Every structure is written in C-alpha cells, then in structure tokens.
Amino acid sequence: MTGPDERGRTTGPERPLEDPPGLPLARLADWLGSAAPGLLDDPLTGRVVAGGKSNLTYEVGDGATTVIVRRPPLGHVLATAHDMGREHRVITALRDTAVPVPTTYAVCDDPDVIGAPFYVMERVAGTPYRFAAQLGPVGSGRVRAISERMVDTLVALHAVDPEAVGLGDFGRPEGFLERQVRRWKQQLDASRSRDLPGIDELHDRLTKSVPAQGDPAIVHGDFRLDNLLVTDDDHVSAVLDWEMATIGDPLTDVALLEAYQTLPRMMDSVAVSDVSRTPGFITGPELRQRYAAASGRDLTHLSFHLGLAYFKLAVILEGIHYRYTQGQTVGSGFARIGEATGPLVAAGLRAVDTEED
C-alpha cells in the first residue's frame, strides 16, 4: 500500500536508485545523518544540474526536501578553484549581508565519503539565465532591469568589508594582479595539449603592464548572469559558483563580466552563455558607467583588467576542453568549447594594445 508519510512524501515499494555520476547517494545519506540530522531522509534521489562546466552541482532530495550538493569535477586539475571549503566559507560569511546567497548546511573535507570534498546548501528558487532564447521572451524592459540588477549585485558584493564578515584572511590582496597573471599561466601549462597561437605573447605583455590596484574587496572570480538566480519578479535571489572567490582587485570581476558579454560576438557557437545578445541587455560601456557611478571606483586601467580577463577565460575554457578530450567532463555542451580560446587570446592582445597606447 502506498500513501503520503508524515513529511508528505509518497511511499511505496523500495526500488534500486541510480547514483548520478560522481555522487554515491547511500554514502551521502549516511554522512548527512550525523552532519545535518533531519535535513534529508534516506533513500535519496539526485541528478546533475546542467549548466556548470567547472565544479559539479547536484540536486538531491528525499521527496519532501531538495538541497544542492557541490563537489569538484571528475579528474579535476584546478586545485584552488575546486576548494570546497573555501566556497562554503565565503557563502556562509555573506549570509547576513546585502549579497543574496543560499543557506549552507554542511561541508565535508574527507574525500572518502563520496570520492571528493563537498558541501551541501539550500536550493534557492530562481532562474540562471544562460541563453538569449531563455531571457528574450520576458521583453527588453525586463531584460534591462535584470541586467542592471546583475551589476548592482556586483557593486553590493564589492562594498562588503571582508574583515567585518570574517574573511580578512581569505586572500592576500598585496600583489594580487601579479599573482593572477602567474596563476593563470600555471593553469594553462597544466592543461596545455595543443598549440595556442598568441597566448604566450599575451601572458608576457600582461606581466609587463600590471597597474597599481585600488582598494581590495571580496572578488567572486566568475561573476555573470547565469551564476545568479533571478526570481519571477526580476530580482536576484542568489549568487552561486563561488569556487574562485578571494580577496583582491574588484575590477577583475568587472572586466571578466564584460569579457563574458563580448564572447558571444566572437564565435557562432555558445561556449559559455549568449545571454548578452538579448535585446535590452546592458552593454559593456553601460556596465562600466553603472558600476563606476554606484561604487565610486576608478576604471581608468580597465584595459589591463580586460586583457587579464580574456587570458583567464581562455585558460579556463582550454582547461575544460582538455578535460573533455580526456573524458573527464559530465554532461553535454563541451564539444566546441575549445573553439573559444583563439578569439579570446586575440581580444586579450587588443585590450593590452589599448593599455600600452
């Protein structure tokens, strides 16, 4: 006999449940029983959430409650970017600020539980608009409002005092830009599997043109619209995907957001997102103007930051391309991602040309 139990779930004969790739559900349920008692009841179901191309994201539930589980990708190579403890820490620290984030429930640094470190957080309602085909039907006026609130959310993040939320030691702001140039060159070398014309020249020119940086802030590291959840009334309900967050130069977030907006014009496929093609979406110059007016920050040297953003994005996508060729990715949408590297390198060289003029 079947029927609803005390938590509103439909019960019935037990059946084997298939684990999603990289997430053994029975082991997760055992661990949650002690780490977050009462959050979920065994047996669990789960699925990979489409859209992410770095850390793996799963929806996991027991029929009454659904949560989000995050873990590194299979065969991951970007060690710092896949530090689950750091991602959990920054989300938890921001919960009482103007930056909307999910509630965190538990974090596990023991890889023996599911095969890698992971954390568990609230499933927040909202849409991560990734494609113009998704966003366009809401109309240009609402598109404009959503894209402006995206920028306003970034301003709110950069206004948070790291010390006040317990993140004073979350990063080393001194020499941040120099380290970023070095770091992404190291990441490039770790996943370099083919000739990439111009990318070493771009790195060398960035190394020689690092500007003085302004006041440090909490940097998201991968801020764009499809890393936000947007409610039906067009407000941002959560900022997601904090795996590259640190304390550093906030203009790196601004430049990377503009680089993401430019990428769809460089190729005929969608490497990350084409949402910036939507009529009404804020343009690069408008983005800069709105951010500068609201934050009071000087964007004079943004050309360097743009060059760095294109370099970073090229390295990230090249790393994903490498993992795809090695059979280490989960999900679809990876086959043509390597096509973005060349156009991004060219855009980076054009940006540093502007900085050097």
Side-chain angles (χ1 to χ4, degrees), residues 4-12 14-52 54-74 76 79-97 99-126 128 165-167 169-170 218 220 227-229 231 236-245 330:
D5 67 6
E6 71 279 1
R7 296 186 66 191
R9 300 176 302 171
T10 298
T11 60
E14 292 187 4
R15 59 180 177 81
L17 298 176
E18 182 177 350
D19 291 339
L23 187 64
L25 293 170
R27 278 187 258 165
L28 173 65
D30 288 345
W31 181 84
L32 283 173
S34 58
L39 180 63
L40 295 175
D41 291 334
D42 196 23
L44 305 180
T45 60
R47 69 179 186 92
V48 176
V49 178
S54 184
N55 289 331
L56 293 176
T57 303
Y58 306 87
E59 284 187 352
V60 176
D62 62 3
T65 302
T66 302
V67 301
I68 297 295
V69 176
R70 293 266 289 171
R71 61 151 287 170
L74 308 179
H76 66 282
T80 303
H82 303 308
D83 186 331
M84 296 293 95
R86 283 181 62 85
E87 187 170 347
H88 175 269
R89 182 184 173 191
V90 69
I91 295 172
T92 304
L94 290 169
R95 62 188 172 191
D96 294 324
T97 71
V99 183
V101 290
T103 298
T104 53
Y105 297 128
V107 61
C108 178
D109 60 6
D110 182 359
D112 291 337
V113 176
I114 68 165
F118 67 97
Y119 71 94
V120 184
M121 66 180 176
E122 173 191 14
R123 182 185 183 276
V124 178
V165 296
L167 294 176
D169 62 347
F170 194 65
I218 301 170
H220 181 276
N227 279 339
L228 311 181
L229 294 178
T231 63
V236 177
S237 56
V239 182
L240 307 176
D241 292 2
W242 293 86
E243 60 259 42
M244 286 189 281
V330 174

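Bear in mind that the values here come from a model prediction, so they are computed numbers and not experimental data.
No side-chain donor-acceptor contact under 3.5 Å links T103 to the backbone of E122. Side chain of H220 to main chain of L240: a donor-acceptor pair is present (N/O by atom type, distance under 3.5 Å, no hydrogens or angles). With hydrogens and angles ignored, the 3.5 Å screen pairs a side-chain donor or acceptor of R86 with a backbone N or O of A245.
Contact annotation: the side chain of L40 never approaches that of V120 to less than 4.5 Å [non-hydrogen atoms, C-beta and beyond]. In this structure, N55 and M84 have side chains that are in contact, with non-hydrogen atoms separated by less than 4.5 Å. Two residues are said to be in side-chain contact when any heavy atoms from C-beta on lie closer than 4.5 Å; I68 and E59 meet this criterion.
Looking at R70, R47, R71 one by one, the single match for side chain to side chain donor-acceptor pair (under 3.5 Å) with T57 turns out to be R70. Here the options are T97, V90, V99, the test is side chain to side chain contact (heavy atoms under 4.5 Å, CB included), and the partner is I218; only V90 passes.
Between atom CG of residue D241 and atom CD of residue E87 there is a gap of 6.5 Å, rounded to the nearest 0.5 Å.
Residues D112 and R27 are not paired through a salt bridge, judged by the lack of any N-O separation under 4.0 Å between the basic side chain and the carboxylate. Between D83 and R89 no salt bridge is recorded (no basic side-chain N to carboxylate O distance below 4.0 Å).
At a cut-off of 3.5 Å, with distance as the only test, a side-chain donor of T92 or T104 sits close to an acceptor on the other residue.
Aromatic ring centroids of F118 and W31 lie under 6.0 Å apart.
The shortest heavy-atom contact between L56 and P73 is CG-CA, 3.9 Å.
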